[in-house]
Protein chains: 2
Amino acid sequence: MTEHRLPPVVARMWGREASPRYGPRPSLDLGTIVDAAIRIADRDGLEGVKMSSVAAEVGMATMSLYRYVGSKDQLLTVMADAALPEPPALHDQGWRTYLADWTRANRDFLLSRPWLLALGQHTPPAGPRSLRWADRAIAALADTGLGYGERLSIAATLSGYAIGQAALAHALNRTTDATDSTVGLAEYRDVLGQVLDPDGYPELTAAVRANAFGVSEEWVDDADFTFGLDLLLDGIQALIARGKR
Amino acid sequence: MTEHRLPPVVARMWGREASPRYGPRPSLDLGTIVDAAIRIADRDGLEGVKMSSVAAEVGMATMSLYRYVGSKDQLLTVMADAALPEPPALHDQGWRTYLADWTRANRDFLLSRPWLLALGQHTPPAGPRSLRWADRAIAALADTGLGYGERLSIAATLSGYAIGQAALAHALNRTTDATDSTVGLAEYRDVLGQVLDPDGYPELTAAVRANAFGVSEEWVDDADFTFGLDLLLDGIQALIARGKR
DNA sequence: ACCTGAACACCGTTCAAGT
DNA sequence: ACCTGAACACCGTTCAAGT
């Protein structure tokens with residue numbers, strides 16, 4: 001098993017600089033820059049995060065940032081980890097309750113920082129915060145008799161579910177303007193009604209006619225989220241029961 | 001119920017131009033442009049898709065594209081729908097078999113066109129192709145006694161699952177280079193081993209030690225996908241059984 | 001070894017002039 | 001009403017010169 005060198009971004013996320021420094025110490029640390037970038041993203045969205053705006057926020061020249069990050073892309077990667085909250089604390093009300101909390105909290109922070117969704121870094125977690133989320137999920141399943149592989153798969157599945165639901169809710173909550181490329185909920189049902197023909201889309205047409213898309217609030221609120229989550233948790237429960245038998 | 005005007009992009013995806021034309025007919029249609037853009041994305045990835053490269057591919061000047069799409073963003077939206085294959089044909093082997101096929105096919109086309117993942121348009125479907133996928137999923141559940149709302153939620157959940165799995169598999173299949181911001185599978189286990197401390201990440205450390213991340217092939221292959229999918233399908237099955245009882 | 005001004009490269013989009 | 005050359009705006013990144 002070879003020891004790979006840590007990729008630079010990963011090293012930075014964990015506060016391990018690739019090269020020890022001699023001479024003058026840098027006037028800033030990466031954390032300050034990342035915090036500034038997060039503040040901008042919260043305020044102006046991801047489009048507001050430019051190397052120039054981040055530099056201005058910390059009071060440096062734009063190019064000085066390249067002392068701390070190799071590229072804007074790397075800065076975004078570090079932000080994506082640093083912007084996560086801590087996962088819910090483990091409790092002893094059982095795995096099902098904990099994982100439900102965990103998944104909901106996961107969705108909630110994505111909704112509170114939608115630019116994390118736009119970042120689209122659904123890559124395997126490598127930063128301290130995201131790995132803590134992973135750790136807590138598999139910890140909650142420690143007494144179920146499931147193996148590590150299964151527990152990791154479950155964590156990945158639940159986290160994917162949280163992402164999907166957050167993306168959906170966020171997309172539907174936006175209002176569409178004419179220049180925009182996505183459709184908000186207000187128009188959605190109406191758009192489908194105008195566009196669908198019953199021959200090509202028989203069931204969907206019926207669903208629209210049956211008013212299955214509800215009104216604004218319903219679709220986005222918790223009913224759908226809980227519904228799908230319970231599907232998953234039921235499946236996990238069945239798996240555990242099978243193992244115990 | 002107000003009739004909203006169709007958003008321009010949606011109108012274009014369905015071949016309904018916003019304004020009727022007088023005078024000279026355009027020399028191209030949107031489909032030709034979109035096909036060219038898809039060809040480029042398949043060949044060079046999403047970064048290769050520039051207004052200039054698309055125009056060159058169809059033999060026009062760059063600015064002529066703005067006759068056909070309002071912006072690059074809109075072009076990408078139309079591409080995202082046009083690049084989808086048709087959903088699997090409905091058969092009569094029951095909803096579970098069909099939805100398993102459907103979800104797998106969904107993941108597979110995402111893996112064959114990874115730029116669809118990078119596009120990150122996990123918005124509610126509004127184009128002809130993506131709505132056909134939705135239609136087929138809820139059609140498969142027609143005889144289960146579930147309502148339209150539940151059937152739509154299930155479709156959204158399964159599609160979210162396919163996206164999550166595809167994103168994960170794709171991320172792990174890439175190899176990391178030094179300038180890169182993500183970690184490929186080859187290094188992943190090793191990186192975790194170097195970076196995790198047992199105090200902060202007790203369960204994850206144990207999982208790494210237990211070799212739960214397997215070797216290259218295993219993690220990406222179908223075992224994990226089927227595992228999570230079965231969790232979902234079991235949950236759906238339980239829901240149906242509950243309703244029938 | 002750090003910081004930074006000037007300059008470069010790239011690309012989406014606007015505009016006004018062609019036909 | 002379509003097509004297009006020139007020009008503009010914007011932004012990430014490099015480089016060489018400062019301290």
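Bear in mind the structure is a predicted one, so any value in this text is a computation, not a measurement. Note that these values count all heavy atoms, side chains included, but never hydrogens, waters or copies made by symmetry. We name chains A, B, ... by the order of the sequence lines, and we start the count at 1 in each one.
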### Distance in Å, R104(A) CZ paired with L111(A) CG, rounded so as to fall on 0.5 Å steps
11.0 Å
### Query
Roughly, in whole Å, what's the span from OH in Y66(A) to P in dC11(D)?
12 Å
### Message
Near DNA chain C, counting only heavy atoms under 4.0 Å, which residues of residues 56-64 of chain B show up?
### Response
T62(B), M63(B)
### Message
I'd like to know if the side chain of N106(B) pairs up with that of T103(B) as donor and acceptor (distance under 3.5 Å, no hydrogens or angles considered).
### Response
no
### Query
Under the 3.5 angstrom rule, does the side chain of W133(B) hit a backbone N or O of P85(B) as a donor-acceptor pair?
yes
### Summary
D29(A) CG to dC2(C) P, in whole Å, measures 13 Å
### Residues R12(A) and D29(A) bridged, charged N to O under 4.0 Å
no
### Task
Starting at atom CG of L76(B), determine the distance to atom C1' of dC11(C), rounded to an integer number of angstrom.
14 Å
### Message
So if I take every side-chain heavy atom of K72(B) and compare against dT13(D), dT13(C), dC2(C), which nucleotide ends up nearest?
### Response
dT13(C)
### Query
Would you call E57(B) and K50(B) a salt bridge, taking side-chain N to carboxylate O under 4.0 Å as the test?
no
### Task
Let me know the distance between CG of L65(A) and P of dC3(C), rounded to the nearest Å.
10 Å
#### Entry: Distance test, side-chain N/O of Y68(A) to OP1/OP2 of dC3(C), below 4.0 Å
yes
### Task
Tell me which residues in residues 42-53 of chain A put a heavy atom below 4.0 Å from DNA chain C, sorted by number, or none.
none
### Query
In Watson-Crick or G-U wobble terms, both distances under 3.5 Å, what is the partner of dT19(C)?
dA1(D)
### Query
For R209(B), does the CZ atom sit with more than 12 other heavy atoms under 6.0 Å from it, leaving out its own atoms?
no
### Message
Can a side-chain donor-acceptor contact be found between D35(A) and T32(A) if the only test is distance below 3.5 angstrom?
### Response
no
### Message
Pair D73(B), V9(B) - check side chain to side chain contact (heavy atoms under 4.5 Å, CB included), show working.
### Response
CA-CA 10 Å; D73(B) 215 55; V9(B) 221; over 6 Å; no
### Message
Rounded to whole Å, how long is the line connecting atom CZ of R67(B) with atom C1' of dG5(D)?
### Response
15 Å
### Message
Do S153(A) and F225(B) have side chains that approach each other closer than 4.5 Å (heavy atoms only, starting at C-beta)?
### Response
no
### Task
Could you please name the partner base of dA6(C), counting Watson-Crick and G-U wobble pairs only when both distances are under 3.5 Å?
dT14(D)
